[in-house]
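Below is one structure, written out as structure tokens, with a few remarks after it.
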Amino acid sequence: MKIVKGFRDILPYDTGNSDTSFAWTTTTDQLRQIMKTYNFQEIITPVIEHDSVFKTGIGEDTDIVSKEMYEFVLERDSSTVSKEKILKYCLRPEGTAPIIRSVIENSLSKIKSLNKLFYLGPMFRYERSQKGRYRMFHQIGAELIGSDEILYEVEILNLAKEILTSLNIDNYTFQINSIGNNESLKNISKAVSNFGRKNKDSIEEKDYKILNKNPLRFLDKAVHNYNFKDIPKTIDYLDKKSLKRFNDLTKILDSFNFKYSINNQLVRGIDYYNDLVFEVTSSNLGAQDALLAGGRYDSLMGKFGADESKSIGFAAGIERLILAMKSKNQASNSIDFFIVYQQEEMIEESLRLALRLREVGLSIEVDLLRRSFTKQIKSADKSLAENIIIIGKDNFNNGTIVVKNMASGIEEIVSLKNNIDFFLKKTKGTPNEKK
RNA sequence: GUGGAUGUAGCUCAGUUGGUUAGAGCAUUGGUUUGUGGUUCCAGAGGUCGCGGGUUCGAAUCCCGUCUUCCACCCCA
């Protein structure tokens, strides 16, 4: 029995690395809270989709679709249905296309109050795994649907930045760019090809191949390996409208004191973007350094055959956010009360008390292995219990118990009955106090 | 898909030029001591040495293959 290659378990205990289930859930809780402050509402879609969602959504020629997607057909279907009718499924490699599929299918774009959506869940891509890159990874993403109003850009960028600052991530650069409309993209592509041919002699063969296959990718990635001057800039190929949008945006961002850098060679690996694209990279990460990325996608709904609905969004990699966090969310295993009993005949009383205290939300542990009194206290100590409750033979008969604070050593004798308030007060202000 | 490294107890690692029943620390279990814990001491459990071949009288150690993980290319979040 072995876990599938490129996949991983997230374990509860801390073995020195920070990737525990505790760090995971506290981080995702935090992310959901941020979404709430921007009034984005969670949408949960299946991890399986028809392959057409991505083939038409993000483009058949992209690497994501052509080589990284988990595709499958069901054996059952393939034996009973004619070849043309076999349904092809896939594990979703990204979040935006399924969200848009759902928005169309459920007519969500007709309800103005539902135009701010976020998702959080696993994505799948068949890649060689390495630091910050797994075959199943998690993204949180936000989509703002229904307008090309420039304030949509502002809202999305502010939200993206809020995630970084809230999680206490630094050492990142926020890069933005505009790639204009379809036509400007074509012109940029042409310009890069020409530029490449002109400089063929000084470009390595590997990069030249990329240039021929996908000039835009060459512009995005490879061109910075060289010291070229006069590298084509996307901004020189924008039409008036796109250029104005970009200038308007930067003006507003400046007025907010939003720190960004313009990268006129930034394009993205997914086909549906137009105008604004952005990407945040972190120097804390290694080779897989993209923390979050996104952009505007005004034509995606049209591609799906629905009425055009202009939208913008982004996605962040949760594994990478956690990697980049300066101070990790450390697990605190501490519990409120560890109930120890001095003799076996007190076990039932201990369990009854545990039930009552758990009912009011306190975290309680009782030794279930009938171990010796000393062993119980030792394990209470290891469990980082704030207090222990001693059900001992001296007090048992007159209906009292001893409550001992483990840090101070102070003991109090209290009645066994009707003392819930006492226990609640005892834990006030501790990390285990909930709500 | 391409390169380079890695793989010994739950964890971190030792293991000498191939030589008996493979070791340590931490963790774990039982006991002990400390008035009812963080301490001390004693004992125990736990390993197909990633897997499969080969060389050899003999392999954790050498050779080949394979898988995993990691790092980079690539791609991306």
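Letters A, B, ... mirror the listed sequences (proteins, then strands); counts begin at 1.
- For the pair Lys5(A) and rU68(B), the criterion of a side-chain N or O lying under 4.0 Å from OP1 or OP2 is met.
- Comparing the C1' positions of rU56(B) and rC62(B) gives an interatomic distance of 10 Å, to the nearest angstrom.
- Of the candidates rU39(B), rU36(B), rG30(B), the closest approach to any side-chain atom of Arg371(A) belongs to rG30(B).
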* To do: Show your reasoning for whether side-chain contact (heavy atoms from CB on, under 4.5 Å) applies to Phe195(A) and Val223(A).
  => CA-CA 11 Å; Phe195(A) 173 83; Val223(A) 79; 4.2 Å; yes

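- For Arg217(A) and rC75(B), the shortest distance from a side-chain N or O to OP1 or OP2 is below 4.0 Å.
- Among rU33(B), rA77(B), rU36(B), the nucleotide with an atom closest to any side-chain atom of Glu411(A) is rU36(B).
- Residue whose closest nucleotide on RNA chain B sits further toward the 5' end, between Lys206(A) and Lys375(A): Lys375(A).
- The side chain of Ser129(A) approaches rC70(B) more closely than any other nucleotide in the set rC70(B), rG38(B), rU36(B).
- Cation-pi geometry between Lys161(A) and Phe258(A) is met: the NZ or CZ atom falls under 6.0 Å from the ring centre, inside 45° of the normal.
- An OP1 or OP2 oxygen of rC76(B) is reached within less than 4.0 angstrom by no side-chain nitrogen or oxygen of Gln288(A).
- Rounded to a whole Å, the OH atom of Tyr134(A) is 15 Å from the C1' atom of rU68(B).
- One finds no side-chain N or O of Arg320(A) lying less than 4.0 angstrom from the OP1 or OP2 phosphate oxygen of rC76(B).
- Distance, Asn387(A) CG to rG37(B) P: 17 Å, rounded to whole Å.
- Comparing rU36(B), rA72(B), rC76(B) against the side chain of Lys404(A) picks out rU36(B) as the nearest.
- Between Arg135(A) and Glu127(A) there is no salt bridge, since no side-chain nitrogen of the basic residue lies less than 4.0 Å from a carboxylate oxygen of the acidic one.
- The residues Arg245(A) and Glu153(A) are annotated as salt-bridged, a charged nitrogen and a carboxylate oxygen being separated by less than 4.0 angstrom.
- Distance CD1 (Ile3(A)) to P (rU68(B)): 13 Å, rounded to an integer number of Å.
- Note: CD (Glu127(A)) to C1' (rC76(B)) measures 6 Å, nearest angstrom.
- Along RNA chain B, the nucleotide nearest Gly294(A) and the nucleotide nearest Leu285(A) are compared for position; the residue whose nucleotide lies closer to the 5' end is Leu285(A).
- Set against rC75(B), rG37(B), rC71(B), the side chain of Asp63(A) has rC75(B) as its closest nucleotide.
- The same atom, P, is picked in rU61(B) and in rA22(B); the two are 14 Å apart, to the nearest Å.
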* Asked: After noting the C-alpha distance and the side-chain angles of Arg320(A) and Phe137(A), does the key distance pass the side-chain contact (heavy atoms from CB on, under 4.5 Å) rule?
  -> CA-CA 9 Å; Arg320(A) 292 185 188 175; Phe137(A) 60 102; over 6 Å; no

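- Across rG37(B), rC76(B), rU68(B), the shortest atom-to-atom separation from the side chain of Lys2(A) is found for rU68(B).
- The interatomic distance linking Asp367(A) (CG) with rU36(B) (C1') rounds to 15 Å, in whole Å.
- Rounded to whole angstrom, the span from the NZ atom of Lys67(A) across to the P atom of rC75(B) amounts to 7 Å.
- Proximity note for Phe137(A) (side chain, C-beta onward) versus rU32(B), rA72(B), rA77(B): the nearest is rA77(B).
- Distances shown here put every side-chain N or O of Thr374(A) at or beyond 4.0 Å from the OP1 or OP2 atom of rG37(B).
- Straight-line distance between the P atoms of rA60(B) and rG52(B): roughly 13 Å, to the nearest whole Å.
- Taking atom CD on Glu319(A) and atom P on rC76(B), their separation rounds to 18 Å, with Å as the unit.
- Between Asp207(A) and Lys221(A) no salt bridge is recorded (no basic side-chain N to carboxylate O distance below 4.0 Å).
- Between the P atom of rC76(B) and the NZ atom of Lys221(A) lies a distance of 6 Å, rounded to the nearest Å.
- For rA72(B), the OP1/OP2 oxygens have no side-chain nitrogen or oxygen of Arg133(A) closer than 4.0 Å.
- Nearest to the side chain of Ile377(A), among rG37(B), rC73(B), rC76(B), sits rG37(B).
- Cation-pi geometry between Arg8(A) and Tyr134(A) is satisfied (NZ or CZ under 6.0 Å from the ring centre, within 45° of the ring normal).
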